Amino acid sequence: MSETIVLKKGLNIPISGVAEKRLSKTVNSDIVAVQPANFKALLPRLLVKEGDSVLAGSPVLQDKKNPDIIISSPVSGVVKEIVRGEKRKLLAVLIQRDVEQKSVDFGVKKVEALSADEIKAAILGSGLWPFLVQRPYGIIANPQAEPKAIFVSAIATAPLAADPDFAFATEVNAIQTGISAVAKLSKGGVHLSLDACVKNSPLERLNGVTKHYFKGKYPKGCLGVQISHISPIRKDEIVWTITLQGLAAIGKLFSKGVCDMSRKVAVSGPMAIEPSYISCVPGTAISSLKPFYGSNAEEIRFVSGDVMCGKNVGEQGYLGFADNTITLIKEGTEKELLGWARPFRFKQFSSDHTYFNWCLGWLTPKRTFDMDTNLHGGPRAFVMSDGYYAHYLPMDIYPLYLVKACLAGNIEKMEQFGIYEVLPEDLAVCEFADPSKNNIQDIIAQGIDLMLKEMA
Amino acid sequence: MNKIFEKGGKLYWLHSTIDAFETFLHVPGTVARKGAHIRDAVDIKRIMIIAVIAAAPAALFGMWNVGYQHALATGISWNVFQAFWFGFLKVLPLFVVSYLVGLAIEFASAQIRGEEVNEGYLVSGFFIPLIVPVDTPLWMLAIAVAFAVIFGKEVFGGTGMNIINPAILTRAFLFFSYPNNMSGSQCWIEAGEKVVDGFSGATPLALAADGFDALANAGVQYSTSFWTMFWGGIPGSVGETSVIAILLGAIILLWTKVASWKVMLSSVLGAVFVGGIANLSGASDIPFWYHLVMGGFAFGTVFMATDPVTSAQTETGKWIYGFLIGAICVIIRIFNPGYAEGMMLAIFLGNIFAPLIDHCVVNAHIKAKNRKQYEY
């Protein structure tokens, strides 16, 4: 067993509504969406028009900057509508799903016999390439570049996130093929992070990877945190990351010759009725999950992804390309009389010691809270010092300095303070804990956008 | 909120004020729009109110002590309640002026910037009456508060952006602008016309400037023993005299983690270090532990130096920053008889040097990080 990396900092957030580990059904939504907004910095070119028939794996979008990168349809069907927003911005391509599903036949291939370029071409051609994400910046990996290494996280510590040991238990062989394939794309190989607290994980059977074990609290599952302990990203270095669902899809591409993006998705959260797992494809309409939320949709926030860094997509939205969690939480629009002045607030969770929940936590360690989206305060300038935030972030950076450098738009300082190492999601825990209620992830995202603009 | 207070409404100029009172009563129903969809229940109001609660024992003791010192000076015998009531009536106007002036400026600038009113002044406004002599004329206090809030805080962008603690700036403004009213032996005790024999209005700190013998054998109406200074029955600024009451506040601040234990501990270490060297080398015969209970050291260490906005931001920086404050305080006390009290200037300097300390700490960290070798 490799060395275990122990993270002392962090915070487990006890939100209720963890998905029960059973597959309750397969959801085949009538409409499936391909959304350019799922891919950071993608300049989409539309390859289909309304009325076109597509198969699973047929190209739908292409990146204008890098025409090799295509995004394909997850299902077979007919292009029903092309949704555009302001200034004709492409928002989504809606595909009416066929009853019988067919995939483009990519041909079964033996990964061992293929060269790196052949693997690259196969993944690009199938539209599965966008599963590979480049760090820094979190954009789709550039096929012409060679990354230092490829990182995969098999840890989910974000509150309510899908448990990889359950969600991928039946996909181990496909993931193994996927790993063998992408391993050829980088000399640094594939690094797999596993949870040191989980015994007998089916994912431990994977080989051809360098395994790293992590012990600690949220956000140990965030790749930024893991990479910063394995091999931090420095200036002019790039690494690629890929999710397990991406590896499974790439594995099936080679072993079965099909484009199959279906996955087990955890439908969870305090507002979910019987939270459990479903099987579906990315782009599945949230409204097809009606049995999970019933009739009071106005009170619910529908998050594609985990509750810390997912996207608020609304009832009319669609599951994101790389997400395997859907979280349903209450919109916290109720006022709370003298909330901040009460000595105790038993129904609210706070990790701050000014409330006493942290010592109640010793008495009732398994207690969970029905958290909602209320900010619990007004936005303020940063008052607490850097240490307050660093206390929650198991990375070797000064989070507040980085955030302030992003606010100031100072590229040099952002570089020094570690903008290459982080994506917004890595600092979600600081945002959660921030008593000044700043949108830290948004600030980091703006910093990254500025870097992308200046470095282009 | 009523429509007339919203943008375009007739009373929009009161928007921030109404909002402040409304959010004082209710935690508002605003939801997270971006980023993490759930947030911790803590907010700045909660953190600030804890700081006020922590300073409350010192404030209550200070009020009683004003009455107690008056009784000692005039030779009347009062019970606890009489002494407290006397002090309460003396100190209350200081609080009223501090809050009225400070909050008026705070509300106005929040409205000008179009922001919500920040709670920072709730704490500063509570601390200011505790660090001034009880006899401070109210108009002076008003000018000093206005100066500190406008030029110490609002011009930098409000709470969270300031470089110097507004309470310390108020004290420094008073000290340098009206030295006659802020030091010497006239301002500390509300004495009246008739005083007892051997009366002195000087604080132990001022007596100690002439050496330990002068302090021990001062023959003044109050006791100058270590333990009296520890429990606080001595003249001084309103809230600074009782180390016991301040320690109670320190326990609250540390328990709730509102203040940094690193700053407090290192400040004490800094004072002990310099005081100890001065004792060993014969530069001063005041035992070093006296420095911890005299004057504003304890109050400054617990409540002023630990202000998260103006103290060092980095954890390593906090050690250096605290040590510097403790050390400078005792250096000023020992080597500069012109100023009896060194704590105000020490914190002032500490605040000014904090960004530099952080800069060095962060740069050293980045250099070390870049040198680090990794296996992969």
Side-chain angles (χ1 to χ4, degrees), chain A residues 13 15 149 188 191 210 230-232 301 303 307-310 312 329 331-341 345 348-355 371 373-387 390 396 398 400-401 416 428 431-433 435-437 439-442, chain B residues 19-20 22-50 115-120 157-161 254-258 260 262 308-309 311-315 317-318 358 361-363 365-366 369-370 372 374-376:
Chain A
I13 299 165
I15 179 169
H191 293 260
T210 314
I230 298 166
S231 172
R301 178 174 293 197
V303 179
V307 73
M308 298 302 281
C309 52
N312 176 8
I329 48 171
E331 285 287 5
T333 49
E334 283 160 23
K335 292 178 178 180
E336 192 186 356
L337 185 68
L338 283 177
W340 60 276
R345 267 164 108 184
Q348 313 287 349
F349 172 74
S350 177
S351 63
D352 191 272
H353 281 208
T354 52
Y355 289 103
M371 295 184 200
T373 62
N374 195 296
L375 262 186
H376 301 299
R380 298 286 182 269
F382 287 104
V383 167
M384 300 311 278
S385 60
D386 180 82
D396 194 16
Y398 290 103
L400 199 53
Y401 279 76
Q416 283 181 3
E431 185 175 57
F432 172 82
S436 298
K437 312 294 175 192
N439 293 318
I440 291 177
Q441 291 190 76
D442 190 48
Chain B
D19 179 77
E22 195 171 353
T23 59
F24 203 81
L25 274 177
H26 298 102
V27 172
T30 42
V31 293
R33 291 271 164 231
K34 292 171 173 171
H37 300 282
I38 48 173
R39 302 295 174 101
D40 198 294
V42 71
D43 65 350
I44 293 295
K45 278 192 180 68
R46 179 73 177 189
I47 288 174
M48 294 295 181
I49 201 73
I50 295 287
E115 290 174 0
E116 292 182 21
V117 176
N118 203 307
E119 293 80 12
T159 304
M161 314 282 190
L254 294 178
W255 169 266
T256 54
K257 294 196 176 173
V258 168
S260 162
K262 289 172 187 159
V309 176
S311 79
Q313 294 285 302
T314 55
E315 295 302 293
K318 280 174 187 166
D358 283 331
V361 170
V362 171
N363 275 6
H365 171 262
I366 290 168
K369 194 173 156 185
N370 287 339
K372 224 167 163 183
Y374 288 87
E375 201 181 328
Y376 301 105

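Residue numbers start from 1 in every chain, and the chains themselves are labelled A, B, ... in the order their sequence lines are given, proteins ahead of strands. Because the structure is a prediction, the values reported are computed rather than measured.
Inter-residue side-chain proximity for B:H37 and A:M371 is flagged as unmet; no heavy-atom pair is nearer than 4.5 Å. Looking at heavy atoms from C-beta onward, B:E119 lies out of side-chain contact with A:V383 at the 4.5 angstrom threshold. The closest side-chain heavy-atom distance from A:Y401 to B:I366 is not below 4.5 Å. B:E116 places a side-chain heavy atom less than 4.5 Å from the side chain of A:P379.
In this structure, chain B has heavy atoms under 4.5 Å from both the backbone and the side chain of A:N312. Contact of A:V303 with chain B is made through the side chain alone, with heavy-atom distances under 4.5 Å. For A:Q416, the parts lying under 4.5 angstrom from a heavy atom of chain B are both the backbone and the side chain. Heavy-atom distances place both the backbone and the side chain of A:F432 under 4.5 Å from chain B. Contacts between A:I329 and chain B at a heavy-atom distance below 4.5 Å involve the side chain alone, from C-beta outward. Contacts of B:K262 with chain A are absent, with no heavy-atom separation under 4.5 Å from either backbone or side chain. Within the 4.5 angstrom heavy-atom criterion, no atom of A:I440 approaches chain B.
Between chain A and the residues B:T159, B:N363, B:D358, the most heavy-atom pairs under 4.5 angstrom are made by B:D358. Heavy-atom pairs under 4.5 Å with chain A were tallied for B:R46, B:R33, B:Q313; the largest tally goes to B:R46. By number of non-hydrogen pairs under 4.5 angstrom with chain A, the leading residue of B:E315, B:K372, B:M161, B:H365 is B:H365. Taking B:S311, B:A32, B:G160 one by one and counting their heavy-atom pairs under 4.5 Å with chain A, the maximum is reached by B:A32. Counting heavy-atom pairs closer than 4.5 Å to chain B, the top residue among A:I230, A:D396, A:L400, A:I13 is A:D396.
Under 3.5 Å, the side chains of A:S350 and A:D352 contain no donor-acceptor pair of N or O atoms.
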